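Report on the structure given below.
All values reported here derive from a predicted model rather than from experimental measurement. Chain A is the first sequence line, chain B the second, and so forth, proteins listed ahead of strands; every chain is numbered from 1. Below, all heavy atoms of this structure are taken into account, side chains as well, without hydrogens, waters or symmetry copies.
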Protein chains: 2
Amino acid sequence: MPQSDVIHAGDATLRNFVGYRMKRAFNVVQADLTKTLKPFDLRMLTYTALVLIVDNPGLRQSQLADAMDIERPNLVVLIDELERRELIVRDRVPTDRRAYALRATLAGRQLYEKAVAAVTLHENAILADLPQDLRTAMIEALKRIEKAHRGRS
Amino acid sequence: MPQSDVIHAGDATLRNFVGYRMKRAFNVVQADLTKTLKPFDLRMLTYTALVLIVDNPGLRQSQLADAMDIERPNLVVLIDELERRELIVRDRVPTDRRAYALRATLAGRQLYEKAVAAVTLHENAILADLPQDLRTAMIEALKRIEKAHRGRS
DNA sequence: TATTGTTATACTCTATAACTATA
DNA sequence: TATAGTTATAGAGTATAACAATA
C-alpha cells in the first residue's frame, strides 16, 4: 500500500485529471453502497429505480430510463426483476396502450423505507469527515458538470 | 428531455444522494472521455495505465494495479493489449524474476503526449463553466472521500 | 412515420478462485 | 509459506440494431 501511494502522489499528469479522481471516489462510494444494499437484495440500479418509482408513481419506462440515464433496453431487465419480486407493478395506460405506468406495491414501499434509511446512514458516514462547505460545493459541481454536458448531446 | 428533468428535479429522495450524483456526473465525463480517446484507440483504463507507466518507468504490475485500484487479473489484459501494440514493454527484473518492470516505448511516449494533450483540452472544456473555487473544492472532496474509505478497507 | 417496450447481442469493467514460477 | 503474474470464468453495466404493437 505505501508503494502505490508514492506512485500515486508523485504522478503529476493524473493528479488533477478529473475523470480519474471521479472514478476512484465513485468506486469507493459504490463499493460501500453495494454492501449497504446487499441485505435488501438491491443493487445501485435497482435501488435507484425503486426510489424513483415510489416517488413518482405512474411514470413510464422511457421516462425512468431518461431519469436514470440508461438505455431503455437495459431498464427492461431491471423492471422485470422488481416486478418478479412484486415490489412494483406494470399498469397499462388507458390513453396510450403502448406504455406502462409503473407503481410500487406495498412491499415495494416498505422495502423503500428501510433501504432509504440505510443508504442515508451510509452516506452520512462517508461524508462525516467532509466539512459542510466542501460537501455542498462538490454536489453543486457534480450537478453542473452533468447539466453542462446534458445540454450538448 | 423536459419530462425527465421534471421527474428528477421533483425527486427529494435522490437529489442529494451522493452516489447518484457522482454516478451521473461520472457517466457524462466518462462518455466524453471515451470519445476523446477513441482516435488514439485508447479507453479510460488503457489511457490511465499508459500515463502511469510513462510517468513511473519501471513500476511493477502489482504496483500499477494498486495505483489504478483494479484487480491484478484485470490488469494483465490491459498490459497485454498495450504490449501487443508496442506501446510498452515488460522487462524482467533481475533481482526478482517473478516481476516485470513496465516501461513505455518511444511510440508509447509519443501516443502519451498526444493523448494527454487531447484529454487536457477535453477536461478544460468540461470544467469551463465551473468557477475555480468549485472545481478546487470538488477535487478536494473527491480525494478525501477516496482517502477516508481507503483507510477502512 | 414515430414511439413504447422488447429481444438479442456484444463489449467493457469488475471480482474471485486456482494455477506457475519464483522468493 | 508467501508473492508476482497468469488463466479461466462469471457477474454486472453499457450500447446498438431490429422487431411488434400502437400512436
Looking at A/Tyr20 and B/Ala67, what are the two nearest heavy atoms and their distance?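 Result for this residue pair: OH-O, 3.2 Å.
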
Answer with base, sugar-phosphate or nothing: what part of the nucleic acid does B/Glu71 contact at a heavy-atom distance below 4.0 Å? base

Strand contacts (DNA chain D) in residues 81-94 of chain A, 4.0 angstrom heavy-atom criterion: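 Correct list: empty, so none.
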
Toward the 5' end of DNA chain D, which comes first, A/Leu45 or A/Arg97, by nearest nucleotide?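 Upstream on the strand: A/Leu45.
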
Starting the side chain at C-beta, find the nucleotide from [options] nearest to [X].
X: B/Gln61; options: D/dT6, C/dA2, C/dA23; result: D/dT6
X: A/Ile70; options: D/dT7, D/dA4, D/dT14; result: D/dT14
X: A/Ser62; options: C/dA15, C/dT4, D/dG5; result: C/dT4
X: B/Pro73; options: D/dG13, C/dT7, C/dA17; result: C/dA17

Starting from the 5' end of DNA chain C, give me the residue, A/Tyr100 or A/Asn27, whose nearest nucleotide shows up first.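 Looking at DNA chain C, the more 5' nearest nucleotide goes with A/Tyr100.
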
Let me spell it out: for each of B/Asp96 and A/Ala31, pick the nucleotide of DNA chain C with the closest heavy atom. Which residue's pick is nearer the 5' end?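 Its nucleotide being nearer the 5' end, the pick is A/Ala31.
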
Before we go on, tell me: are the rings of A/Phe40 and A/Tyr112 under 6.0 Å apart, centre to centre? no

On a plain distance test, is the side chain of A/Arg60 in donor-acceptor contact with the base of C/dT4 below 3.5 Å?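 Donor-acceptor pair under 3.5 Å: no.
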
